[in-house]
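Quick one: this structure, given as structure tokens, is what I'll be asking you about.
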Amino acid sequence: MRAAPNPNGPWHIGHARMPAVIGSYKERYDGSFIVRFDDTDPETKRPDLDAYDAILDDIDYLGFEPDDVIIASDRLETYYEHARNLIDAGGAYTCSCSGETFSDLKNSGEACPHRDKDVETTMEEFEAMIDGEYSAGEMVLRVRTDIEHKNPALRDWVAFRMIDTPHPRDEAAAYRCWPMLDFQSGVDDHLTGVTHIIRGIDLQDSAKRQQFVYDYFDWEYPEVIHWGHVQVDAYDVKLSTSTLKEKIEAGELDGWDDPRAPTLKSLRRRGIRGEAVVEALTALGTSTSNVDLSMSSIYAENRELVDDEAERYFLVRDGERFEVAGGPDAGHPPLHPDHEERGERTIPATDGVVLEADDVPAEGERVWLKGYACVRREGDDLVATDDGIDVVRSGDVDVVHWAPAEDVVDVRMRSPDGDVTGVAEPDFADTAVDDVVQFERIGFARVDEHGAEESVVYWTHP
RNA sequence: GCUCCGUUGGUGUAGUCCGGCCAAUCAUCUUGCCCUCUCACGGCAAGGACCAGGGUUCGAAUCCCUGACGGAGCACCA
């Protein structure tokens, strides 16, 4: 099977569906996984030179290693050779109608004057196309299908056209005569031994178009299934590479890995594992209707992967400061509640503490500072009580997270909903970049940077 | 306009080919309870769906017809 991306930028979440499904089928049926860059339009779908590696990088992130990587723009001579064979077989003719003219004829089921051209003339004109003797729009090579076919989409479609703009890849920059997707893809699928094709519903007519070429060559068409589009909830941004590119260029997003972008690079930076993305996407199946992917299913898969190793820390957002009277010098909650052997943290309380606004108890009420003790609010002070943990177990007192008022780590947490700032307990400075931690009662986050001014983390999921 | 395709709980999915084992599976989700010094993890429970109407049949989520709704193609884009 193959994934045939158009190299126009890094992948968004929806793109991962193809490698996710192909990769898991490959493992199940001992198949092979080809990546083929379909970059045969240097103009309107102009390839982005960085995208080839970016996409391979994304596939690697997902945890797959392609068996083969091929690039269509390396293979022009192959397509030309098959076009010559097709012409010889009477399966194609050169046509100089304007797109509009041909469209009108086609829609009324009428052949254009060029359809009856003999093979020799067609061959001469096609060689002239290859030699670049025409400009864009002057000449195309059409596949002779059935001009009266009841589906107008299948009538005598274009196989090759002229493009004046050079291809961005040096290796392909000299070519001016380019195959259309249906020709290139159809030929390559056969030549590379593809047995099963998955493609989008937007390409539902492709197999029927390509079938005409396969018939001329007496090839057997692969099994093909179509699936619908994927929408992802939880993002304001449209799932479209070109839209994302515009937003990045306009400065609305910081880059392809901005946490607000629905890209794989963004998920990776947030500490979501490729495996979780693959699991969630594979579960969508391959139905032809459009599907909505909820981020919560990716989150659920990922949480299962990271929970056991994510150390716990406290992060207090917009803290309100209180002095603490009568308690111990510090709190010592464990790094992980299920793994006491990993040790405990030390959170000093002698210089006062901060609590999140929602956690501040009313005057005279009690709250349990997790890992520390029960305190009662008396004005701007929190006075330790001699309550035991049973007041928590009985449900009388809420447990809250907290941080010292001094010597904390300033933290900026970047998330799809924007940045939030706060302070983390001192031991948070011990974490390494790339660690995924859990800020208790807030959620998981990946440590991105420990800077001089502040530490930056990326919110992973609840 | 012409031509394709689809429609199972909030979301996704199994079942549809070969009608009965489906008073419909699993996951996520939501809620409640248990566990717990986290609103994490774990455990238990509950909630919630066969697009509509006809037809065939002893019997229809499953087959047929009609309709509604939704999607896609009719490009010298991929």
Side-chain angles (χ1 to χ4, degrees), chain A residues 4-8 37-41 43-47 72 95-100 102-103 106-109 134 136-142 149-155 157-163 177-182 184-185 199-206 208-209 226 228-233 241 279-301 303-304 306-308 310 312 314 331 333-334 336-338 368-374 388-393 397-401 438-444 461-462:
Chain A
N6 169 26
N8 64 344
F37 290 102
D38 283 353
D39 57 345
T40 56
D41 185 346
E43 196 165 280
T44 55
K45 293 275 168 142
R46 187 167 180 78
C95 170
S96 54
C97 291
S98 74
E100 200 177 327
F102 187 84
S103 179
K106 178 201 67 181
N107 286 331
S108 55
Y134 300 103
E138 289 182 353
M139 188 68 79
V140 299
L141 183 74
R142 291 186 183 280
H149 196 286
K150 66 175 182 174
N151 184 348
L154 307 188
R155 297 170 186 166
W157 46 274
V158 173
F160 286 82
R161 82 295 208 191
M162 304 301 298
I163 294 177
C177 175
W178 287 90
M180 298 286 288
L181 173 76
D182 280 322
Q184 172 266 125
S185 172
R199 55 165 69 113
I201 44 174
D202 47 329
L203 263 24
Q204 20 181 8
D205 291 330
S206 278
K208 292 171 188 165
R209 284 206 189 99
H226 300 277
H229 300 292
V230 184
Q231 294 295 321
V232 182
D233 66 359
T241 305
E279 287 298 319
L281 252 4
T282 305
L284 293 182
T286 58
S287 84
T288 55
S289 34
N290 293 344
V291 294
D292 293 331
L293 170 70
S294 12
M295 284 305 293
S296 61
S297 66
I298 292 183
Y299 294 164
E301 297 287 353
R303 194 179 296 116
E304 199 172 311
V306 301
D307 183 66
D308 195 61
R312 268 57 173 172
F314 291 160
H336 195 295
D338 302 333
W368 189 286
L369 302 185
K370 185 168 180 179
Y372 183 71
C374 185
I389 193 61
D390 51 305
V391 297
V392 170
R393 292 192 175 130
V397 175
D398 290 332
V399 175
V400 303
H401 61 285
Q438 186 200 61
F439 288 124
E440 295 196 55
R441 305 212 302 140
I442 294 173
F444 294 84
H461 47 64

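Just so it is clear: chains get the letters A, B, ... in the order the sequence lines come, proteins before strands, and each one is counted from 1.
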### Query
Under the side-chain contact (heavy atoms from CB on, under 4.5 Å) criterion, do A/H461 and A/R303 qualify, and how do the steps go?
CA-CA 8 Å; A/H461 47 64; A/R303 194 179 296 116; 3.8 Å; yes
### Task
In whole angstrom, give the distance that lies between atom CG of A/L281 and atom C1' of B/U13.
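From A/L281 CG to B/U13 C1': 14 Å.
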### Message
Give me the distance, rounded to whole Å, that separates B/C21 from B/A40 when you measure between the P atoms they each carry.
### Response
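Comparing P positions in B/C21 and B/A40 gives a spacing of 39 Å.
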#### Entry: Rounded distance (Å) that lies between atom C1' of B/G12 and atom CD of A/Q231
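One finds 14 Å between C1' of B/G12 and CD of A/Q231, rounded.
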### Query
Is it true that a side-chain atom of A/R161 and a backbone atom of A/P179 form a donor plus acceptor pair closer than 3.5 Å?
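Yes; at least one donor-acceptor contact below 3.5 Å.
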### Query
Quick one: does A/K45's side chain get under 4.5 Å of A/D38's, heavy atoms only?
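Heavy-atom side-chain distance check fails, nothing below 4.5 Å.
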### Task
Please determine if a side-chain N or O atom of A/K208 lies less than 4.0 Å away from the OP1 or OP2 oxygen of B/U3.
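Answer no for this pair, as no side-chain N or O of A/K208 is under 4.0 Å from OP1 or OP2.
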### Task
Scan nucleotides 71-78 of chain B nucleotide by nucleotide, 5' to 3', and note B when protein non-hydrogen atoms come under 4.0 Å of the base, S if they reach only the sugar-phosphate, - if neither.
BBBBSBBB
### Task
Considering only atom P, compute the distance from B/U3 to B/A49 and round it to an integer number of Å.
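Their P atoms lie roughly 38 Å apart.
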### Message
Just so I know, are the side chains of A/D233 and A/M295 near enough to count as touching, which here means a heavy-atom distance under 4.5 Å?
### Response
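Yes - at least one pair of side-chain heavy atoms lies under 4.5 Å apart.
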### Message
Which helical stems does RNA chain B take part in, if a stem means at least 3 consecutive Watson-Crick or G-U pairs with both distances below 3.5 Å?
### Response
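Looking at RNA chain B, the stems formed by three or more consecutive pairs are B:1-7 with B:68-74, B:10-12 with B:26-28, B:29-34 with B:42-47, B:51-55 with B:63-67.
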#### Entry: Separation of A/L181 CG from A/R199 CZ (nearest 0.5 Å)
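One gets 7.5 Å once the value is rounded to the nearest 0.5 Å.
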### Query
Would a distance-only check, ignoring hydrogens and angles, find a side-chain to backbone donor-acceptor pair under 3.5 Å from A/N290 to A/H229?
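Present.
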### Query
Checking side-chain contact (heavy atoms from CB on, under 4.5 Å) for the pair A/H401/A/I442: CA distance, chi angles, key distance, verdict?
CA-CA 10 Å; A/H401 61 285; A/I442 294 173; 3.9 Å; yes
### Message
Run the salt bridge (charged side-chain N to carboxylate O under 4.0 Å, His left out) test on A/D307 and A/R312 for me, step by step, so that the C-alpha distance in whole Å, both residues' side-chain angles and the decisive distance to 0.1 Å come before the verdict.
### Response
CA-CA 10 Å; A/D307 183 66; A/R312 268 57 173 172; 2.9 Å; yes
### Integer angstrom distance from the P of B/A75 to that of B/G15
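To the nearest whole Å, 37 Å.
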### Message
For a quick check, with a 4.0 angstrom heavy-atom cut-off, what is the B/S/- contact string for nucleotides 26-38 of chain B, read 5' to 3'?
### Response
--SS-------BB
### Task
Quick one: label A/F444 by what it contacts on the DNA or RNA (base, sugar-phosphate, nothing), any heavy atom closer than 4.0 Å.
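Sugar-phosphate contact only.
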### Message
Measuring only the C1' atom in each nucleotide, how far is B/U57 from B/G12? A whole number of Å is fine.
### Response
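It works out to 33 Å between them.
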### Message
Using atom C1' in both nucleotides, what's the gap between B/C18 and B/U13 to the nearest angstrom?
### Response
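Each nucleotide's C1' atom is 22 Å from the other's.
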#### Entry: Side-chain (A/R209) to main-chain (A/A153) donor-acceptor, under 3.5 angstrom
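Present.
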### Query
Are more than 12 heavy atoms from other residues, nucleotides or ligands located less than 6.0 Å from atom CD of A/E304?
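For A/E304, atom CD is not crowded (no more than 12 foreign heavy atoms under 6.0 Å).
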### Span that lies between the C1' atom of B/G55 and that of B/G59, in whole angstrom
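Straight-line distance between the two C1' atoms is 15 Å.
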### Task
List the steps, then state whether side-chain contact (heavy atoms from CB on, under 4.5 Å) holds for A/V158 with A/L141.
CA-CA 6 Å; A/V158 173; A/L141 183 74; over 6 Å; no
### Query
If we take the C1' atom in both B/A46 and B/G6, what is their distance in whole Å?
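B/A46 and B/G6 have their C1' atoms separated by 33 Å.
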### Query
On a whole-Å scale, what distance lies between the P atoms belonging to B/A27 and B/G42?
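Roughly 12 Å separates the two P atoms.
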### Query
Under 4.5 Å between any side-chain heavy atoms of A/F37 and A/P47, yes or no?
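Contact flag for A/F37/A/P47 side chains = no.
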